[in-house]
Amino acid sequence: MGVGREFSISLDGVRDKNLMQLKKLNIALFPIRYNEKYYADALASGEFTKLAYYSDICVGAIACRLEKKEGGAVRVYIMTLGVLAPYRGLGIGTKLLNHVLDLCPKQNISEVYLHVQTNNDDAINFYKKFGFEITETIHNYYTNITPPDCYVLTKQMAPSIVKK
């Protein structure tokens, strides 16, 4: 990078017309092939699924699913969060995750969770910086990757205080 050159990081919503960007990123980033339900859930989550652009290059994404809990409360499941290797360490993953975490109080969402492969120390440490905690270990969660075990990482969100 040249000295003094500024590159902007921007987020864009995922829609039918740019869904292929998310599919291409997932192929490059993850050892798992995602089915059409994954992409339908990502589209249905609206603002909770975003593509990240570095300058004008699509380099990362966060894809979430909104889930109803018993009693009607909604929680966010982070299906995937990834940034292409040459663009890591630039704050792109942080910007994607903060976008979702900032939306939660506005939507009265009190819980965010995800699964992480037990040997993915980089991801575990990344999420812990944001207040996620390991709340469960699931053995044989993954079928075609090693190790097959995962941790469930959960963050309880403070309820929003609405001023009347």
Side-chain angles (χ1 to χ4, degrees), residues 9-14 22 25-35 37-52 54 59-163:
I9 300 166
S10 59
L11 303 184
D12 189 22
V14 176
L22 180 60
L25 276 171
N26 284 347
I27 289 167
L29 289 167
F30 303 113
I32 297 167
R33 295 295 158 255
Y34 293 96
N35 61 25
K37 181 179 181 335
Y38 165 98
Y39 293 102
D41 287 343
L43 285 169
S45 79
E47 283 293 303
F48 287 91
T49 294
K50 289 288 186 183
L51 296 170
Y54 181 79
V59 298
I62 189 166
C64 298
R65 178 175 69 223
L66 303 179
E67 301 178 343
K68 276 209 166 58
K69 293 168 52 173
E70 285 184 36
V74 175
R75 67 180 179 172
V76 173
Y77 174 60
I78 299 175
M79 298 187 292
T80 54
L81 167 58
V83 176
L84 295 173
Y87 299 92
R88 292 180 189 154
L90 301 173
I92 298 167
T94 294
K95 186 165 186 158
L96 286 163
L97 183 56
N98 276 332
H99 170 79
V100 166
L101 296 179
D102 290 346
L103 277 176
C104 289
K106 297 171 186 162
Q107 308 262 349
N108 287 322
I109 292 169
S110 60
E111 182 182 355
V112 181
Y113 80 107
L114 59 124
H115 296 95
V116 175
Q117 203 173 3
T118 54
N119 68 339
N120 192 341
D121 292 333
D122 288 346
I124 293 163
N125 292 329
F126 174 77
Y127 287 109
K128 282 184 171 180
K129 285 191 303 190
F130 293 88
F132 284 80
E133 298 175 353
I134 295 172
T135 53
E136 186 180 353
T137 302
I138 302 174
H139 298 288
N140 299 311
Y141 178 77
Y142 300 108
T143 54
N144 295 321
I145 57 176
T146 302
D149 304 334
C150 78
Y151 294 127
V152 177
L153 276 72
T154 305
K155 179 177 175 71
Q156 298 298 327
M157 305 297 296
S160 63
I161 295 157
V162 180
K163 293 182 180 171

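In this chain, residues are counted from 1 in sequence order. Computed from heavy atoms alone, side chains included, the values below leave out hydrogens, waters and symmetry copies.
- In this structure a side-chain-to-backbone donor-acceptor pair under 3.5 Å is missing from Thr154 to Glu133.
- In plain terms, the two heavy atoms of Cys64 and Ile78 that are nearest each other are SG-CG1, 4.0 Å.
- For the pair Lys50 (side chain) and His99 (backbone), a donor-acceptor distance under 3.5 Å is absent.
- Residue Tyr34 comes nearest to Tyr39 through the heavy atom pair O-CE1, 3.6 Å, listed as atom of the first residue, atom of the second, then distance.
- Between Cys104 and Phe48, the closest heavy-atom pair is SG-CE2, 4.2 Å.
- In terms of heavy atoms, Tyr142 sits closest to Pro147 at CD1-O, 4.2 Å.
- Between Tyr127 and Leu97, the closest side-chain pair of non-hydrogen atoms falls below 4.5 Å.
- Ala42 and Leu22 make their closest contact through CB-CD2, 4.3 Å (heavy atoms, listed as atom of the first residue, atom of the second, distance).
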side-chain contact (heavy atoms from CB on, under 4.5 Å) for Asp149 and Asn140? Distances and angles first, verdict last. CA-CA 5 Å; Asp149 304 334; Asn140 299 311; 4.3 Å; yes
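- Distance check, rounded to the nearest 0.5 Å: NZ of Lys128 to CD1 of Ile134 gives 4.0 Å.
- Rounding to the nearest 0.5 Å gives a distance of 11.0 Å between CG of Asn120 and OH of Tyr151.
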List the steps and the verdict of side-chain contact (heavy atoms from CB on, under 4.5 Å) for Leu66 and Val76. CA-CA 5 Å; Leu66 303 179; Val76 173; 3.7 Å; yes
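- Donor-acceptor pairing under 3.5 Å is recorded for the side chains of Asn26 and Tyr38.
- Met79 CE to Lys37 NZ: the interatomic distance, rounded to the nearest 0.5 Å, is 8.0 Å.
- The minimum heavy-atom distance between Leu29 and Arg88, with the atom names listed, is CD2-NH2, 3.7 Å.
- Just one of Glu67, His115, Glu111, Arg65 meets the side chain to side chain donor-acceptor pair (under 3.5 Å) condition when paired with Tyr77; it is His115.
- The closest side-chain donor-acceptor pair between Tyr113 and Glu136, if any, does not fall under 3.5 angstrom.
- In this structure, Leu101 and Phe132 have side chains that are in contact, with non-hydrogen atoms separated by less than 4.5 Å.
- Atom CD1 of Ile92 is separated from atom CD1 of Ile62 by 13.5 Å, given to the nearest 0.5 angstrom.
- The shortest side-chain heavy-atom distance between Thr135 and Leu153 does not fall under the 4.5 Å cut-off.
- Atom CG of Leu11 sits about 9.0 Å away from atom CG of Leu51, to the nearest 0.5 Å.
- In this structure, the side chains of Leu84 and Leu25 come closer than 4.5 Å at one or more pairs of heavy atoms.
- The local environment of CG in Asp102 is crowded, with over 12 non-hydrogen atoms from other residues, nucleotides or ligands closer than 6.0 Å.
- In this structure, Ile27 CD1 and Ile32 CD1 are separated by 13.5 Å, a value rounded to the nearest 0.5 Å.
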